[in-house]
Amino acid sequence: MTKGSDLLVAALENEGVDRIFGIPGEENLDVVESIRKSSIELVLTRHEQAAAFMAAAYGRLTGKPGVCLATLGPGALNLSTGAAYALLGAMPMVMITGQKGILSSQQARFQVVDVVASMKPLTKSSRQIVSPLLIPTMVREAFRIAMEERPGPVHLELPEDIAAEECREVPLIAPHQLELPTASDAALDRAAELIIAAKRPLLMFGAAASRPRSTSDIGQFVIRTRIPFFTTQMGKGTVPGGTELYMGTAALSERDYVHEAIEQADLIVTIGHDTVEKPPFIMGKGGPKVVHISYQPATVEQVYFPQFEVIGDIGPSLSALADRLEGKLPNAQALVHLRQRILDRIGARATEDRFTPQRIVHDIREVMPHDGILALDNGMYKIWFARNYRTQMANTLLLDNALATMGAGLPSALVASMIYPGRRVMAICGDGGFMMNSQELETAVRLKLNLVVLVIEDNAYGMIRWKQAIEQFPDFGMTFGNPDFVKYAESYGARGTRVDDIGQFKQTLEKAFSDGGVHLVNIPVDYSENERVLVNELRERLPMILED
């Protein structure tokens, strides 16, 4: 005989789960005991929202579902933001929550809310387990759904009496490889015709191009076709940004310098674009034709309505398309002459002697190796990192341009440090976003992680304050006070350093990494560049006209 919780944990081990993030409650004590006796590590967090962010980041980095655990009611509902984060960001994740017994009702409706129903619009699937005999099949199905294109979160609710119920042994179901079809020959032939005929082709890599399964084939496609490319924010790193074909990243929807190339292209091939991202460019009448290459058909939007699609497993499909294109593209590099001007303008004034966003990005890039990982929270600085930070590998700049929630930066960095203990990992947070999950500093210290946490301080919700100013509203409701971040870090057992001289910034980061452990670095920021560059300078930009 066995019991439901033992079957659940055995099924998770069968799926290759090595850690579970979360906070247990009374209703899943049987599950906790089964985890204790298993090979799975329970990573205790200080808030369920952080646990969900961590599980989602695990899925993003590995391609395998991260798993998080919470109790019923308030604990389960605290996973909701993380569920939406994984759903919009296409990150595979399995959430397991507890519930009061369903075979009897000893505590009436105490703490009971319909979590299964509340999770349905935020997940790919949300189900309650009503018998221990169903656990192996339901867990296998949950992992399959979470990993299928488009990846995302799945929720399973395990009532406490089902977890504790004894039953006969039930065989586990062996996981199987998910196979995705390659695009049809007809679609590939037609796409090849369009690209060969283009006078000014341009590639764009989006969020779905960052899937771990696809990145090597994507890089080869660029090398074989020699077509210049740009990326969306979440597509950064899919092809090394150091290549001579990189034209920039679309951190804004229009009018940025990278849009000089977009405006002059007559054909844009979007690879892995997902319209959950803030639009990297806006399609309109008279604009370039668009070929959509991805795992799934495009969602037709007012700003995105591709005229042709190539649907299938991105990596093999691009390999087959490159076979049709290699050596047949006389106009492949028609837009490359714009590259240096675009990159020079984006990188301008990056070494000024003050804490400008450009200087902060510049110095961080110099201390991070090619495989170092930055995990960004959400704030004004995210636009600057998207524009200015050059990536060499996929998933080395973890930012969220889908749900774009605050509070995910630090939890994501914790997971990156766990998965890649030998690589430099830095969380970059504004003072607003950092305080939303700052309690996870204790988790990082307890787990003895090596992690640098950069807190950029402007004593305000800076992005909204900036937009408030652009709209010419009075400055109201956006400013706040902060703790002494150095003492705050030290209270958790981490190191803390305040840097007020930009000349000391880079060496402070180097020392923080070399010392190891958890080190918080606190800096001010000069956001006067937001208006100078992102408003005034771009307003004056006139697109260059390419002569035929």
Side-chain angles (χ1 to χ4, degrees), residues 59-60 63 86-92 124-125 144-152 176-198 201-222 224-225 227 229-232 234-235 238-239 250 265-277 279-281 283 287-326 328-329 394 401-402:
R60 177 177 183 173
L87 183 68
L88 270 66
M91 306 174 200
K124 297 179 71 177
S125 173
R144 183 187 68 80
I145 292 172
M147 294 179 69
E148 277 183 335
E149 289 293 336
R150 186 175 176 269
H176 62 277
Q177 183 70 33
L178 288 176
E179 299 295 341
L180 296 173
T182 301
S184 70
D185 286 338
L188 290 165
D189 290 342
R190 177 60 178 152
E193 290 176 13
L194 292 171
I195 297 170
I196 290 170
L202 185 64
L203 305 179
M204 186 195 83
F205 295 101
S210 294
R211 307 271 200 275
R213 63 183 291 145
S214 302
T215 52
S216 61
D217 289 323
I218 288 171
Q220 283 299 308
F221 180 77
V222 173
R224 294 176 66 186
T225 64
I227 302 174
F229 69 93
F230 71 104
T231 76
T232 69
M234 294 178 73
T238 49
V239 179
D266 65 337
L267 179 71
I268 299 177
V269 181
T270 65
I271 298 169
H273 181 45
D274 192 330
T275 56
V276 296
E277 280 208 74
F281 66 95
M283 291 185 67
K289 290 183 178 179
V290 173
V291 175
H292 173 90
I293 301 178
S294 195
Y295 296 103
Q296 292 183 314
T299 302
V300 175
E301 302 280 0
Q302 184 178 4
V303 297
Y304 187 70
F305 42 89
Q307 290 90 352
F308 192 80
E309 296 184 310
V310 178
I311 307 304
D313 194 350
I314 288 179
S317 297
L318 288 180
S319 294
L321 183 58
D323 291 340
R324 292 162 164 82
L325 296 176
E326 192 169 10
K328 301 176 183 178
L329 297 172
N401 194 36

* Check: Phe229 and Ile227 side chains under 4.5 Å, non-hydrogen atoms -> no
* List for me each residue that meets side chain to side chain contact (heavy atoms under 4.5 Å, CB included) alongside Leu87, sequence neighbours excluded, and say none if there are none. => Lys124, Pro153
* Structure fact -> Residues passing the side chain to side chain contact (heavy atoms under 4.5 Å, CB included) test with Lys289, sequence neighbours excluded, are Leu267, Gln307
* Partner residues of Glu148 under the side chain to side chain donor-acceptor pair (under 3.5 Å) criterion, sequence neighbours left out -> Arg144
* Asked: Where the side chain of Arg150 meets the backbone of Leu88, is there a donor-acceptor pair that is under 3.5 Å apart?
  -> yes
* Is any side-chain heavy atom of His292 less than 4.5 Å from a side-chain heavy atom of Ile311? -> yes
* With Glu149, which residues qualify under side chain to side chain donor-acceptor pair (under 3.5 Å), at least two apart? -> Arg211
* Tell me, please, which residues at least two apart from Thr270 pass side chain to side chain donor-acceptor pair (under 3.5 Å). => Tyr304
* Of all residues at least two apart in sequence or in a different chain, which pass the side chain to side chain donor-acceptor pair (under 3.5 Å) check with Thr232? -> Glu277
* salt bridge (Lys or Arg N to Asp or Glu O under 4.0 Å) with Arg190: which residues, sequence neighbours excluded? -> Glu193
* Flag side-chain contact, heavy atom, 4.5 Å: Leu203 against Val222 -> yes
* Working to the nearest 0.5 Å, report the span between CG of Asp274 and OH of Tyr295. => 12.0 Å
* Pairs touching residues 295-309 that satisfy salt bridge (Lys or Arg N to Asp or Glu O under 4.0 Å), sequence neighbours left out -> none
* Asked: From Ile271 CD1 over to Thr231 OG1, what is the distance, rounded to the nearest 0.5 angstrom?
  -> 12.0 Å
* Compare every heavy atom of Leu329 with every heavy atom of Leu325, then report the nearest pair and how far apart it is. => O-CG, 3.7 Å
* **side chain to side chain contact (heavy atoms under 4.5 Å, CB included) involving Pro316 - partner list, sequence neighbours excluded** => Thr182, Asp217, Asp313
* Asked: Can you tell me how far the CD1 atom of Ile314 sits from the CZ atom of Phe221, to the nearest 0.5 Å?
  -> 11.5 Å
* Could you pull out all residues at least two apart from Glu326 that satisfy salt bridge (Lys or Arg N to Asp or Glu O under 4.0 Å)? => Arg224
* Asked: According to the salt bridge (Lys or Arg N to Asp or Glu O under 4.0 Å) rule, which pairs have a member within residues 176-188, sequence neighbours left out?
  -> Asp185-Arg324
* **Gap separating the OG atom of Ser294 from the NE2 atom of His273, nearest 0.5 angstrom** => 9.5 Å
* To do: Would you name the heavy atoms of Ala183 and Leu188 that are closest together and state the gap between them?
  => O-CD1, 3.6 Å
* Shortest non-hydrogen contact between Ala209 and Thr238, atoms and distance -> O-CG2, 3.3 Å
* Asked: Got Ile195 and Leu321 here, is their nearest side-chain heavy-atom distance under 4.5 Å?
  -> yes
* With side chains defined as the heavy atoms from C-beta onward, is the minimum distance between Val303 and Met283 less than 4.5 Å? -> no
* Looking at residues at least two apart in the chain, or sitting in another chain, which of them share a side chain to side chain contact (heavy atoms under 4.5 Å, CB included) with Ala146? -> Pro65, Pro92, Val94, Val154
* Structure fact -> Ile145 and Ser125 have their tightest heavy-atom pair at CD1-CB, 4.1 Å
* Structure fact -> Between Phe281 and Met204, the two heavy atoms sitting closest are CE2-SD, 3.7 Å
* To do: Compare every heavy atom of Ala191 with every heavy atom of Val310, then report the nearest pair and how far apart it is.
  => CG2-CB, 3.6 Å
